[in-house]
Each structure stands twice: as C-alpha cells, then as structure tokens.
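My structure is below; once you've seen it, I'll send some questions.
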Amino acid sequence: MKISKICCIGAGYVGGPTMAVIAQKCPHIQVTVVDLNEARIAAWNDSDLSKLPVYEPGLADVVAEARGRNLFFSTEVDKAIDEAEMIFISVNTPTKTYGIGKGMAADLKYIELCARQIARVARDNKIVVEKSTLPVRTASAIKSILDHTGNGVQFQILSNPEFLAEGTAIDDLFAPDRVLIGGEDSAEGQKAVNALADVYANWVPKDKILTTNVWSSELSKLTANAFLAQRVSSINSISELCEKTGANVNEVGKAIGLDSRIGPKFLKASVGFGGSCFQKDILNLVYIAKSYGLNEVADYWEQVIIMNDHQKRRFAKNIITTLYNTVSGKKITFLGWAFKKDTNDTRESAAIYVADYLLNEQANIAVFDPKVEEQQILTDLDYLDTRSSEENKSGVDVTADPYQACKDSHAVAVLTEWDEFKTYDWQKIYDNMLKPAFVFDGRNILNKEELQKIGFIYKAIGS
Ligand code: NAD
Ligand code: UGA
C-alpha cells in the first residue's frame with residue numbers, strides 16, 4: 001500500500017516539524033497539518049517565516065521549501081481526515097489536573113476527541129498513527145472507539161512515538177537514531193506497518209526502522225524519556241555531593257562518560273531538567289506502575305522527579321543563603337527562561353520554579369531570554385497560582401537587552417545554556433552591578449577564571 005495523503009492532527013512542537021520534514025523528504029505525499037487553534041495555524045501559514053509558532057534551527061528552511069507544494073496547514077480538520085489514507089495523532093497529552101490520577105496520569109481527553117472525530121468522519125479505511133506520547137495500551141482504547149462506528153470502515157492503529165529533542169528537532173528528524181513503529185501482528189497490521197515504514201524509508205536507512213508490537217512501542221517511548229531524565233537526576237544528585245567534597249561534577253561527568261558502557265551524553269549537571277515531557281512522562285509511568293500494584297517500580301522512578309524538584313529548590317536556596325540570607329527587595333537577573341537553548345519553549349522550565357521561590361522571598365526578578373516573550377513568562381508564573389497576576393507582574397521585569405537586565409543587580413543567575421551568554425562583555429556587566437557581584441551559573445557554561453578575575457563571586461553547580 002502506497003500512501004499519497006497524510007493528515008496530522010495537532011500542529012505543535014511535534015506535529016509541525018515532523019510533518020514539515022516528511023513533506024520535504026517525500027514530495028509525492030500531500031501532508032496536511034490541522035489544528036483547532038486558529039492563531040497557531042495562521043502563524044504556520046505566515047509569509048514571514050520568523051513568525052512560525054515553533055522556533056527550531058533549520059525549521060524555517062524546511063517549511064519554506066515544502067509549504068504550498070505538498071505541505072499545508074489548515075483548521076479544516078474533517079476535510080483533512082476524510083481525504084487522508086494515514087492520520088497521525090500528535091495532540092498534547094498533559095498531566096491530568098483533575099479527578100482520578102490528578103497530577104500523575106496523562107490526560108487523554110484530546111486523544112479520545114481525535115479518535116471520535118476520525119470515527120465520525122472516515123468513509124474509507126484508514127491507518128491511524130499514535131505520534132503523541134501515550135500510556136501503554138492506549139491503542140486498545142482508540143481501537144475500541146474506532147471499531148464501533150458500524151459503518152464498515154476498517155482501521156489499523158500504529159504506535160510511532162517521536163524521539164526528537166527541541167532545539168535539535170530538524171537534525172534529529174533528518175537523521176534519527178531510530179524510527180520505532182509498533183503494529184498488530186495480523187496481515188493487515190503488518191501491511192500498515194510497512195506502509196508507514198515506506199514513508200520513512202524515503203530518507204531513513206532501513207536498518208534504523210525498528211518494528212515491534214504496539215505495546216512495546218508505546219512503552220519504549222515512556223521508558224526512553226525516563227532513562228534520559230534519570231541520567232540528569234543521577235548526575236545532579238552527584239553535583240550536590242561534589243559541592244560538599246571538593247570534587248567537580250564536570251570532571252566526574254567526563255570521567256564516567258568515557259566508559260563506553262555509560263557514554264558521554266546527558267551527564268551535564270544543571271539547575272534541573274525541564275521541558276514538556278520528562279516530568280509528565282515519568283509521572284505517567286509511575287501512575288501506570290501503581291495501577292498494576294507495582295509499588296517498588298513506581299517508587300524507583302518517582303525518585304527521578306523528587307531529585308529534580310530538589311535540584312531546582314536547592315539552586316534557589318543557594319542564591320538566598322549566599323546573598324546573606326535575604327533577597328527581599330534585591331534585584332536578581334535571570335539569563336534565560338526557556339527550558340534549554342535553541343527553543344522558545346518554556347514548559348516546565350526550571351526558571352519558572354526558581355523564580356517562584358525567589359518571588360516568595362520578595363526578590364525583584366529581571367529576565368532576559370533571546371527567544372521568550374514577556375507574556376509567556378508571566379503566563380508561566382500565573383499558571384503556578386502561587387500569587388496574583390498583579391503580584392507576578394510587579395515582581396518580574398522582562399527586558400529585551402541583557403545588559404539592561406543586569407544593570408544594578410545583586411546577582412545574575414544563568415538558567416538556560418544559550419551560547420550567546422558566553423560571549424557577553426562580562427566586564428561591562430560587572431561594572432554596572434552592585435558589589436559584591438554574584439553569578440550563579442545553573443548550566444556551568446561561563447568561564448570561572450575569567451569571571452573571578454573580573455571580580456565576580458562565581459558559583460557553579462557541582463563544584
Ligand atoms: P503542543 O501542545 O505543542 O501541540 C499539540 C497541538 O494539538 C496544539 O496546537 C493543540 O491545539 C492541538 N490539538 C489538541 N486537541 C486537538 C484536536 N482535537 N483537534 C485538533 N488539534 C488539537 O504539544 P507537542 O509538544 O507537539 O506534543 C504533542 C505530543 O507529542 C505529546 O504527547 C508529547 O508528549 C509528545 N512529544 C513531544 C515532544 C516535544 O519535544 N515537545 C517530543 C516527543 C513527543
Ligand atoms: C526530550 C528527549 O531528549 C527526546 O528524545 C524526547 O522526544 C522529548 O524529550 C519528548 O518526548 O518530549 P527535550 O525535552 O526536548 O527532549 O530536550 P532534552 O535535550 O532531552 O532536555 C530536557 C531537559 O534536560 C532540558 O531542560 C535540559 O536542559 C536538561 N538536561 C539535558 C540537563 O540538565 N543535562 C543534560 O545532560 C541533558
């Protein structure tokens with residue numbers, strides 16, 4: 001079976017870039033990305049490519065090449081479902097904020113709405129692809145909805161989780177470590193698996209396309225994120241021990257990473273991991289384990305989150321104790337708000353939590369981030385519901401110029417590892433700060449010797 005028309009429901013950080021790359025690499029396939037969010041679709045269609053709703057290096061070029069040729073962004077969800085042979089579901093699956101499983105389980109209401117919409121609209125056989133990250137066995141719920149339409153339409157459900165990381169999404173999509181496709185064992189199931197594998201085979205080497213059963217595929221996604229986050233929490237736990245013992249976490253990370261069984265990646269100590277998925281997916285894993293009565297399994301993974309929360313709190317506490325046990329009325333400058341460099345995404349960013357702790361201590365926070373707007377920063381703080389919007393607004397000052405942001409500050413805190421922070425004129429920053437001038441490097445990216453020579457009191461993570 002050859003696919004000629006694809007629809008993707010959800011034009012977010014995954015749906016947008018993923019479909020743009022499929023369209024670019026497969027000019028013979030028409031790809032339509034649909035979303036209920038009209039503003040988001042309008043931004044994807046904006047002729048000014050700097051206005052795309054997702055900032056990713058290289059994305060604008062891919063969109064420029066394919067958009068209008070075989071890549072389309074639209075709000076006409078029904079039409080796109082009706083026309084496509086293959087439908088990707090790439091909607092958000094946030095942590096539930098209500099009812100049973102509140103704060104732990106994945107909220108699958110958007111997934112179910114998609115399934116019901118596909119069931120209502122489809123008039124011929126479709127392959128439905130889970131692109132969103134989902135609890136293991138979700139495909140059976142989707143199948144149950146799709147199989148009860150009574151109109152004779154046949155559906156195959158595949159799991160095809162996405163492993164791209166933000167900030168490197170385009171490189172990751174161009175050259176994935178692997179593409180994972182889970183499908184039913186039946187002849188029809190395998191036909192669907194092959195149809196999707198053929199799409200990827202347009203640019204991904206065949207030996208990197210891995211096929212499994214549906215449940216392994218669904219669970220592998222949660223497991224991959226849990227393992228990655230666990231590495232960050234592991235090295236962050238060691239960073240605290242380094243600070244007590246005179247060891248240096250950068251040196252420890254390098255020393256253990258040279259062991260080929262451990263490997264060098266994901267061993268950077270930090271203020272704590274953020275992003276829309278690590279926490280959500282681990283909480284989901286913990287919830288699933290508990291729901292099967294596997295309490296030891298649940299506790300084991302929950303510790304990754306506990307350590308991450310501790311690391312964020314510890315960073316904020318260190319600022320307070322170092323500034324003579326009070327930050328009340330003091331200006332603290334945040335360099336960076338995004339959860340990592342090269343993205344405008346702030347979801348679950350450590351910066352939000354550190355700011356929240358410091359605002360509780362009545363600090364005045366100035367923020368500079370090269371890609372994050374003021375409105376987003378205030379929305380992130382309001383979402384925590386710790387204090388009123390007015391109070392957040394009066395405690396936080398977002399500035400478009402980093403030097404202005406650092407002027408008259410007591411301390412600068414690096415929350416995101418943006419490359420440009422390394423090349424700032426730190427002498428100029430120092431000259432305009434209150435003394436003693438402190439730097440808290442939550443990403444270990446600045447040059448300690450250079451800053452100390454200028455006169456800064458420099459505090460890194462894990463040394
Ligand atoms: P997102 O919030 O950026 O985008 C989801 C989009 O789906 C939104 O624009 C929303 O309006 C739309 N949507 C929701 N319900 C809809 C409906 N019924 N019809 C049409 N549109 C609808 O989310 P995201 O970051 O792209 O993540 C999507 C999924 O991919 C999640 O399950 C996430 O865990 C997973 N994932 C994310 C990343 C990442 O880097 N962000 C990486 C891998 C996997
Ligand atoms: C992560 C995974 O890397 C992707 O494979 C996955 O597809 C994605 O989650 C998802 O499912 O959403 P992402 O969150 O975009 O990608 O970015 P990462 O590079 O994994 O970074 C996550 C967080 O960990 C960031 O806050 C980053 O700064 C932090 N981190 C990462 C560290 O603190 N230290 C490290 O060594 C690595």
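Positions are given from 1, in the same order as the sequence printed here. Counting starts at 1 for both ligands and their atoms, in listed order.
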- Query: Is the closest basic N to carboxylate O distance between Lys79 and Asp82 below 4.0 Å?
  - Reply: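 Looking at Lys79 and Asp82, the cut-off is not met.
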- Query: Are Lys341 and Phe421 in a cation-pi contact, defined as NZ or CZ under 6.0 Å from the six-membered ring centre and within 45° of the axis?
  - Reply: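 Not satisfied by the 6.0 Å and 45° rule.
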- Item | Protein contact of atom 17 (C) of ligand 1 - nearest heavy atom, named by residue and atom, plus distance |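 For atom 17 (C) of ligand 1, the nearest protein heavy atom is Leu36 CD1, 3.5 Å.
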- Query: Under the side chain to side chain donor-acceptor pair (under 3.5 Å) criterion, do Thr386 and Asp356 qualify, and how do the steps go?
  - Reply: CA-CA 8 Å; Thr386 312; Asp356 192 51; 3.0 Å; yes
- Pick from Gln117, Lys221, Glu162, Glu166: the one approaching atom 41 (N) of ligand 1 most closely through a non-hydrogen atom: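 That would be Glu166.
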- Using a strict cut-off of 4.0 Å, indicate which atoms of ligand 2 neighbour a heavy atom of Ser270.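 Counting from 1, the qualifying ligand atoms are 32 (C), 33 (O).
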- Task: Indicate yes or no: does an N/O atom of Cys277 lie under 3.5 Å from an N/O atom of ligand 2?
- Result: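 Cys277 vs ligand 2: no N/O contact under 3.5 Å.
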- Decide whether an N or O pair under 3.5 Å exists between Ser276 and ligand 2.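 No.
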- Message: Distance under 4.0 Å to a non-hydrogen atom of Glu162: what atoms of ligand 2 satisfy this?
- Response: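 Listed by number with element: 7 (O).
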- Message: Taking the cut-offs as 6.0 angstrom to the six-membered ring centre and 45 degrees off its axis, would you call Arg178 and Phe163 a cation-pi pair?
- Response: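 Yes, a cation-pi geometry.
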- Query: Within 45° of the six-membered ring axis of Phe440 and under 6.0 Å from that ring's centre, is NZ or CZ of Lys459 located there?
  - Reply: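 Because its charged atom misses either the 6.0 Å distance or the 45° angle limit, Lys459 does not stack over Phe440.
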- Query: Does any N/O atom on Phe278 come nearer than 3.5 Å to any N/O atom on ligand 2?
  - Reply: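 Such a contact does not occur with ligand 2.
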- Subset of ligand 2 atoms that lie under 4.0 Å from at least one heavy atom of Lys221: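 Counting from 1, the qualifying ligand atoms are 6 (C), 7 (O), 10 (C), 11 (O).
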- Message: I'd like to check whether Lys131 has a polar contact with ligand 1, where a contact means an N/O of the residue lying under 3.5 Å from an N/O of the ligand.
- Response: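 Lys131 vs ligand 1: no N/O contact under 3.5 Å.
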- Side chain, backbone, both or neither: which part of Leu228 has a heavy atom under 4.0 Å from ligand 2?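 Side chain only.
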- Which residue owns the protein heavy atom closest to atom 37 (C) of ligand 1, what's the atom, and how far is it?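 Of every protein heavy atom, Val14 CG2, 3.1 Å lies nearest to atom 37 (C) of ligand 1.
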- Please indicate whether any nitrogen or oxygen in Leu164 is less than 3.5 Å from any nitrogen or oxygen in ligand 2.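 Between Leu164 and ligand 2 (N or O atoms, distance only) the closest approach is under 3.5 Å.
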- Item | Shortest reach to atom 18 (P) of ligand 2 by a heavy atom, considering only Lys340, Glu166, Arg443, Glu417 |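 The option holding the nearest heavy atom is Lys340.
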- Hey, does the Lys NZ or Arg CZ of Lys131 hover above the aromatic six-ring of Phe88, less than 6.0 Å from the centre and inside 45° of the axis?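 Cation-pi check for Lys131 and Phe88: fails.
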- Task: May I ask you to identify the nearest protein heavy atom to atom 22 (C) of ligand 1, giving residue, atom name and distance to one decimal place in Å?
- Result: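 For this ligand atom, the closest protein heavy atom is Val91 CG1, 3.6 Å.
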- Query: Does the N or O separation between Gly274 and ligand 2 drop below 3.5 Å for any pair?
  - Reply: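 Between Gly274 and ligand 2 (N or O atoms, distance only) the closest approach is under 3.5 Å.
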